[in-house]
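Okay, structure first, notes after.
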Amino acid sequence: MNAGPAAPELAEPHLLAVLAAAGLDVEYVRGAGNTLYRLGDDGQELPVLDFAGGYGSLMFGHNHPEIVAEAQRLLAAQSPIHAQFSSHPYANRLAAELNRIIHRETGTDEPYYATFANSGAEAVEAAVKHAELDRVLRLAEALEEIAAGVEEIRTAAAARPVAVADSVCERLGLPRGSALEDVIAEVTRRNEALSAHAPVLLALEGGFHGKLMGSVQLTHNEGYRAPFAALGAHARFVPQDRPDVLKEILEDERADLLRLVLDGADVRIAESPAPVFCAFLLEPVQGEGGIRPLSAEFAGHIQEFADAADCPLVIDEIQSGMGRTGALLASSLVGLRGDYYALAKSLGGGIAKASVMLVRTARYRAQFELVHSSTFAKDSFSCHLGLKVLELLEADGGRAYQRAAERGAALAAMLDRVRTAFPDVVEDVRGRGLMQGFEFKDQSGATDEVIRGAAGSGLFGYFLAGHLLHAHGIRTFPTASAVNTLRFEPSILITDEEIDRLERGLTDVCGILRAQDSQRLAIPS
Ligand code: F0G
């Protein structure tokens, strides 16, 4: 149906208008490999070299032939997409294959149980929900044990005299010689108060974990998070490379449950750590926050903290994972071991919308599966495509991982060359594998009014992206929470020639900034 040219825009019209300001409101009609196509005025396809890569969802490019063939096979075979509450052997195969690779990369053999989901934020929220269920159950188990101890003391006190040690009364701020029942009541009151505390959630500054009601509170960008603060549990944000802050958090947040124990005829008091920490979320390479790899050194400090605090680590590999950095798990490259992993994006092969949350056996709670579900998760279509993606990653002794590392190094070397040529304009080049960021220096003091205005509006990177699109046929974006950084996340198919094209585009952009000549920007003014 043709709605006619005057039809109002109803699908996020404001967002489209913002994109239009930077010339990014183009329609793509086809995608293959690293190329998206749009239609020129003459109706002919115009190729656009895609470095945005579906925000990192396209390890194998747009519509990879083998993944498309698998999708077609599944549809032709009438593979059931909706078979909820039945056996899903393909999901089990996918979970087993993920386990096999994770074990190889992390050097463990502890099984990880899988809960499938549909989007990145959903997998993150499933992990946090599971971690909270585990925490609440651990707390309940500890309180039950404490209550059982109290009953033992009551039973003993009914049979023979027992005395409350003075140190107990002192510790609880009760008068010396208080009755046993008063002591029990005070211990119970304190333990209940501690149990009622909100769980401690930790996340890294600059991190991005999604924009749903729960996950947005774990995402650092205040603009996304603050308006919804009343709707979800809050995180405490940890600055990068600050082990001293981790120590501080451990001191601030740790708390002990009190238990009464019988020592001969004396009632004494003992303490045991309360499970106050729900989870610590982190990306091994921050994506949306500006392509910032976590250092191996700080990763080590985080692991130590997590062990000392008994705080589950939720490693968000939604963008960094699935081979992009040269391994299935970017965290394995910095020696980090997760209690939980979240994977999404390329798991669906660029076609299905699929994600998964994995939890190690030591933290696994079977009940979770009876209280958490999703209509669309774990369907045969997305699981089979996930299996195909893993097959492509693992083929020929893991050539795809090697290629991601090697192509990433070629891309990074080019970005470094441009930085070296334009030290006055380029602030930094960062990344791992096929996840690279190119940061420009702040232009809010630019002499060119248009460039200064773009920098002031927070849309600087979008204007540069608009120029790269219209003048060079290159698609990229800034990282949304760090708009001076352009992100490059092409597929493993990226060629030297394509990297050269990007070099010419970036050299042009840097030249424009150096010359402060916005006249040369090919975007609508
Ligand atoms: N975690 C990470 C590390 C992500 O990069 C994203 C999305 C999410 C979670 C949420 O996934 O969108 O499927 O719910 N990152 C996009 C980006 C928005 O800009 O790279 P989602």
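All ligand and atom numbering here is 1-based and tracks the order in the structure. Since we're looking at a predicted model, the values are computed, not measured. Throughout, numbering of the chain's residues begins at 1 and tracks the sequence.
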Between S346 and S57: side-chain donor-acceptor atoms closer than 3.5 Å:
no
Hey, can you pull the donor-acceptor pairs under 3.5 Å for the side chains in residues 28-35, sequence neighbours left out?
unit_1 : atom_1 : unit_2 : atom_2 : d
R30    : NE     : E45    : OE1    : 3.3
R30    : NE     : E45    : OE2    : 3.0
R30    : NH2    : E45    : OE1    : 3.0
N34    : OD1    : S491   : N      : 3.2
N34    : OD1    : S491   : OG     : 3.0
N34    : ND2    : S491   : OG     : 3.4

For residues 342-381, which residue pairs qualify under ring-ring contact (aromatic ring centres under 6.0 Å, His included), counting only residues two or more places apart or in two chains?
H82-F376, Y113-Y364, H130-F368, F368-H372
Run the salt bridge (Lys or Arg N to Asp or Glu O under 4.0 Å) check on E132 and K129 step by step: do they pass?
CA-CA 5 Å; E132 179 59 1; K129 265 184 78 182; over 6 Å; no
Could you pull out all donor-acceptor pairs under 3.5 Å where a side-chain atom in residues 286-300 meets a protein atom, sequence neighbours excluded?
unit_1 : atom_1 : unit_2 : atom_2 : d
Q286   : NE2    : E205   : O      : 3.0
E288   : OE1    : S481   : OG     : 2.7
E288   : OE2    : Y224   : OH     : 2.7
E288   : OE2    : S481   : N      : 3.4
E288   : OE2    : S481   : OG     : 3.1
R292   : NE     : G289   : O      : 3.4
S295   : OG     : D241   : OD1    : 3.2
S295   : OG     : F298   : N      : 3.0

Non-hydrogen side-chain atoms of P478 and F440 separated by less than 4.5 Å:
no
Contacts for ligand 1, heavy atom under 4.0 Å, by chain and number, are Y55, S119, G120, A121, F208, H209, G210, E283, E288, D316, I318, Q319, K345, R487
